[in-house]
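Computed over heavy atoms, backbone and side chain alike; hydrogens, waters and symmetry mates excluded.
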Amino acid sequence: MSTRIAFLKGHGTENDFVIVPDPENVMDLPPAAVAALCDRRAGIGGDGLLHVVRSAAHPEAKGMAADAEWFMDYRNGDGSIAEMCGNGVRVFARYLQRAGHVTEGDLAIATRGGVKTVHIAKDGDVTVGMGKAVLPDGDVTVSVGERSWPARNVNMGNPHAVAFVDDLAHAGDLYSPPPFSPTAAYPDGVNVEFVVDRAPGHVAMRVHERGAGETRSCGTGACAVAVAAARRDGADPTATGTPATYTVDVPGGTLVITEQPDGEIEMTGPAVIVAEGEIDADWLRSATSA
């Protein structure tokens, strides 16, 4: 390993990421190293890490290499692996554009949740095809303190529990994962969204992201919220043939989510690269072994 490792920092609606370009997948990034880099006091700081790898060079993505040149090897802030991150995909695309690997227009990005279609618009927003939502059967309940709410189980390539509440303050501090039942519904943990209505077709949310705590935004969570809100409101584009669009306010900004009649979900929002620099490899080795 060289003594210096390139990195960038970016965010999508203030869901922020450490970006580590590693096209040939030569870096070893164990969970402890990722957690050290994402530490906001002793590291660079981020809700997660975007490891940028060519699909053909990563064992989990080789099968997608014919459809997507680049693989988003996404890690949560605690070092654990996640299937997908909607805000992360937008920032990943912005990095590829900044590095000269892609230009404005359409591209494909491989993720553990499958190949995602992306459009980089001239106005700077990035739209991601997030795939179709899966709505598992069964009742789910989430709790904060003495309060409990029924939640909609929505899978966007990663699991979500969406609860509609009267006040976003009812979500508490969201430092620790809100309890849920039955535990068998989410054997690997879950992202929990608390949602209030702002206006017809307009909601606001807070989220506890599995492995990260409360974040300023969650792209897959916003998609899950839009789908849950549409079904609550009696809208199912796959049945009616009419798209359903929701504006979703998150603490870090606003995302626009559209569910198409074929079930495909599109998410549009900003993606910003704010800095780039070098990681000291000696520090990283020391932080990883501490």
Verify the neighbour count for atom CG of D123: are there more than 12 heavy atoms of other residues, nucleotides or ligands below 6.0 Å? yes
Contacts of K9 meeting side chain to side chain contact (heavy atoms under 4.5 Å, CB included) (sequence neighbours excluded), chain-then-number -> D16, I44, V274, A275
Starting from the C-alpha separation in whole Å, work towards a yes-or-no answer on salt bridge (charged side-chain N to carboxylate O under 4.0 Å, His left out) for K116 and D67. CA-CA 10 Å; K116 304 301 178 185; D67 299 312; over 6 Å; no
Main chain of S217, side chain of T215: is a donor-acceptor contact present, judged purely on distance under 3.5 Å? yes
Between V190 and F180, does the side chain to side chain contact (heavy atoms under 4.5 Å, CB included) criterion hold? Intermediate values first, please. CA-CA 9 Å; V190 63; F180 61 86; 3.7 Å; yes
Backbone N/O of D78 and side chain of N76: donor-acceptor pair under 3.5 Å: no
On a heavy-atom basis, which atom in M267 and which in G219 lie closest, and how many Å separate them? SD-CA, 3.5 Å
With a 4.5 Å cut-off on side-chain heavy-atom distances among I, L, V, M, F, W and Y, is there a chain of contacts connecting M64 to M84? no
A side-chain contact here means heavy atoms from C-beta on lying under 4.5 Å apart; do R147 and V165 qualify? no
Would you call D47-R40 a salt bridge at under 4.0 Å N-O? yes
What pair of heavy atoms forms the shortest contact from T141 to S148, and how long is it? CG2-CB, 3.9 Å
Looking at every non-hydrogen atom in both residues, tell me the closest pair between V126 and A93 and how far apart they are. CG1-CB, 4.4 Å
Does any part of the side chain of H208, heavy atoms only, come nearer than 4.5 Å to the side chain of P177, both counted from C-beta? yes
Could you check whether atom CG of D39 has more than 12 heavy atoms from other residues, nucleotides or ligands sitting under 6.0 Å from it? yes
Roughly how far apart are L135 CG and H160 NE2, rounded to 0.5 Å? 12.0 Å
Between the CG atom in D106 and the NE2 atom in H119, the distance rounded to the nearest 0.5 Å is 6.0 Å
Check whether R206 reaches the backbone of L168 with its side chain - one donor and one acceptor, N or O, closer than 3.5 Å. yes
By ring pair (Phe, Tyr, Trp, His ring centres under 6.0 Å), which residues pair with F164, not counting sequence neighbours? none
Partner residues of R152 under the side-chain hydrogen bond (donor to acceptor under 3.5 Å, both in side chains) criterion, sequence neighbours left out: none
Are F17 and M130 linked, directly or through other ILVMFWY residues, by side chains that come within less than 4.5 angstrom of each other? yes
So do E264 and K132 actually touch side chain to side chain, heavy atoms under 4.5 Å? yes
Parallel, tilted or perpendicular: ring planes of H170 versus W149, cut at 30 and 60 degrees: parallel
side-chain hydrogen bond (donor to acceptor under 3.5 Å, both in side chains) against D22, all qualifying residues, sequence neighbours excluded: H51
Could you measure the distance from the SG atom of C85 to the CD atom of E209? Nearest 0.5 Å is fine. 6.0 Å
Report yes or no: do I257 and V192 belong to one cluster of Ile/Leu/Val/Met/Phe/Trp/Tyr joined by side chain heavy-atom distances under 4.5 Å? no
Evaluate the salt bridge (charged side-chain N to carboxylate O under 4.0 Å, His left out) criterion for residues D197 and R232: first the C-alpha distance (whole Å), next the side-chain angles of each, then the deciding distance (0.1 Å), finally the verdict. CA-CA 12 Å; D197 289 298; R232 180 203 61 175; 2.8 Å; yes
Taking every heavy atom of V140 against every heavy atom of A185, the minimum-distance pair comes out as CG2-CB, 4.2 Å
Co-membership, hydrophobic cluster, residues F71 and L8, 4.5 Å side-chain: no
Can you see whether N158 engages T220 through a side-chain donor-acceptor pair at a distance of less than 3.5 angstrom? yes
Whether the side chain of Y246 engages the backbone of V227 through a donor-acceptor N/O pair (distance < 3.5 Å, no angle test) should be reported. no
Quick check against the 3.5 Å criterion: does H58 have a side-chain atom that pairs as donor or acceptor with the backbone of E60? yes
Determine whether R90 and T13 make a side-chain contact, defined as any pair of heavy atoms from C-beta on separated by less than 4.5 Å. yes
When rounded to the nearest 0.5 angstrom, what distance separates CD in Q260 from CD in E266? 4.5 Å
Side chains of R210 and P159: closer than 4.5 Å at any heavy-atom pair? yes
Please identify each residue that fulfils side chain to side chain contact (heavy atoms under 4.5 Å, CB included) with T245, with sequence neighbours left out. V256, T258
For a side chain to side chain contact (heavy atoms under 4.5 Å, CB included) check, start with the C-alpha distance between L50 and M72, then their side-chain angles and the critical distance, and finish with the verdict. CA-CA 6 Å; L50 306 177; M72 184 181 78; 3.8 Å; yes
Could you state whether L96 and L49 fall into the same hydrophobic cluster, counting links through intermediate Ile, Leu, Val, Met, Phe, Trp or Tyr residues with side-chain heavy atoms under 4.5 angstrom apart? no
Testing the basics here: between Y95 and H101, what is the closest heavy-atom pair and its distance to 0.1 Å? OH-NE2, 4.2 Å
CD-OG distance between E69 and S55, expressed to the nearest 0.5 angstrom: 8.0 Å
Closest approach of A108 and A68, non-hydrogen atoms and distance? O-CB, 3.7 Å
We want to know whether T238 and D236 form a side-chain donor-acceptor pair, criterion being a heavy-atom distance below 3.5 angstrom. yes
CD1 of I120 to CD of E104, rounded to nearest 0.5 Å, is 8.0 Å
Between the main-chain N or O of A271 and the side-chain N or O of R94, is there a donor-acceptor pair closer than 3.5 Å? yes
Let's go through F92 and T111 carefully: what are the C-alpha distance in whole Å and the side-chain angles of both, what is the deciding distance for side chain to side chain contact (heavy atoms under 4.5 Å, CB included) to 0.1 Å, and is it a yes or a no? CA-CA 11 Å; F92 191 96; T111 76; over 6 Å; no
Test side chain to side chain contact (heavy atoms under 4.5 Å, CB included) applied to I273 and I19, step by step: CA-CA 9 Å; I273 303 296; I19 306 162; 3.6 Å; yes
Quick one: do the N87 and H11 side chains pair a donor with an acceptor below 3.5 Å? no
Considering only heavy atoms from C-beta outward, does the side chain of M205 approach that of V207 to under 4.5 Å? yes
Could you pull out all residues at least two apart from T240 that satisfy side-chain hydrogen bond (donor to acceptor under 3.5 Å, both in side chains)? none
Can you check whether L284 reaches L37 side chain to side chain, under 4.5 Å on heavy atoms? yes
Student check: side-chain heavy atoms of R54 and E24 closer than 4.5 Å: yes
